[in-house]
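In what follows, a single structure is set out as C-alpha cells and then discussed.
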Amino acid sequence: MTALDVEALTDEQLLARFEATDIPLDQWTHRTHVRVAYTYLTTRPWDDAVQAMRHGIPRYNAAHDIPESPETGYHDTLTVAFMHLINAARVHWQPWRPEGDSRVFCDHHRELMCKTLTRLYYTRPTIMSAEAKRSFIEPDLAPFPVVDQGDGVSSDAT
C-alpha cells in the first residue's frame with residue numbers, strides 16, 4: 001500500500017480526508033492546518049469556516065488519540081487567531097492571484113508557516129492561559145489585520 005502524500009492532495013481531497021479524520025498523524029503539520037483553514041475560508045462563510053475548524057480539529061485529535069491537557073490538544077485562541085491571519089492574507093492576496101489553491105497560498109505566505117506568529121499579537125501569559133485554550137481571547141499586544149470578513153468566500157474578497 002502506498003503512503004498518503006497530503007501535499008499531493010487537491011484542496012477538495014484534503015478537506016474530505018480531514019473531515020474523515022483520515023490524514024496520517026505524521027502529516028498533520030502546521031502547513032496542513034493552514035491548508036485546511038484556507039480551503040474552508042475560500043469555500044464557506046467566515047463563521048462556518050471557523051466553526052468547521054473548531055469542531056474538526058478536536059474530532060481529528062480524538063480519532064488519533066491526541067490527549068487534551070494544558071500543553072496538548074485543541075487550543076481555541078490559536079485556532080481562531082490563525083483563521084484571522086489566514087483570512088487577512090487571503091483577502092489581500094486573492095484579487096491578484098485567484099487561481100491559487102492552498103498549496104500555492106502557503107508557498108506565497110511563508111509568514112503563516114511560522115507556528116509562533118501569534119507572538120506578535122499575544123503576550124505569553126495570555127496565549128498560554130487555560131482560558132485562551134478553552135475559548136477565543138482577543139489579542140493583547142496588537143490587533144489583527146483589519147479585513148471585512150464578509151461571507152468568507154473568495155468571490156466576495158475585496
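These figures come from a predicted structure and were not determined experimentally.
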From [X] atom [atom1] to [Y] atom [atom2], the distance as rounded to the nearest 0.5 Å:
X	Y	atom1	atom2	value
D107	D101	CG	CG	9.0 Å
H64	D22	NE2	CG	7.0 Å
T32	F18	OG1	CZ	10.5 Å
L14	E7	CG	CD	9.0 Å

**Message:** Tell me which one of H109, R110, K115 satisfies side chain to side chain contact (heavy atoms under 4.5 Å, CB included) with L112.
**Reply:** H109

At their closest point, which heavy atom of [X] faces which heavy atom of [Y], and how far apart are they?
X	Y	answer
H33	I57	CD2-CD1, 4.0 Å
H75	I127	NE2-O, 2.9 Å
A81	F136	N-CE1, 4.1 Å
Y122	P139	CE2-CA, 3.4 Å
R17	L9	CG-CD1, 3.9 Å
P145	Y121	CD-OH, 3.9 Å

Between the main-chain N or O of [Y] and the side-chain N or O of [X], is there a donor-acceptor pair closer than 3.5 Å?
X	Y	value
T77	S135	yes
R35	V6	yes
N61	I66	no
T72	P67	yes
K133	Y74	yes
R31	M113	no

**Request:** Establish, from distance only, whether the side-chain atoms of T126 and S129 form a donor-acceptor pair under 3.5 Å.
**Result:** no

**Asked** Hey, what's the ring geometry for H84 with W46, parallel, tilted or perpendicular (30° and 60° as the breaks)?
**Response**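 Correct class here is tilted.
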
**Prompt:** Which of parallel (below 30°), tilted (30 to 60°) and perpendicular (above 60°) describes Y60 and W28?
**Reply:** tilted

**Request:** State whether the number of non-hydrogen atoms from other residues, nucleotides or ligands found under 6.0 Å of Q51 atom CD is greater than 12.
**Result:** yes

**Request:** State plainly whether one hydrophobic cluster holds both F82 and I137, where clusters connect Ile, Leu, Val, Met, Phe, Trp and Tyr through side-chain heavy atoms under 4.5 angstrom apart.
**Result:**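 Not linked; separate clusters.
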
**Asked** Does one hydrophobic cluster hold both L141 and L120, with members joined at side-chain heavy-atom distances below 4.5 Å?
**Response** no

**Item:** side chain to side chain donor-acceptor pair (under 3.5 Å) partner of S102, chosen from T10, T42, D11
**Value:** D11

**Message:** Between D47 and R54, does any NZ, NE, NH1 or NH2 come within less than 4.0 Å of an OD or OE carboxylate oxygen?
**Reply:**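 So R54 does not pair with D47 through a salt bridge.
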
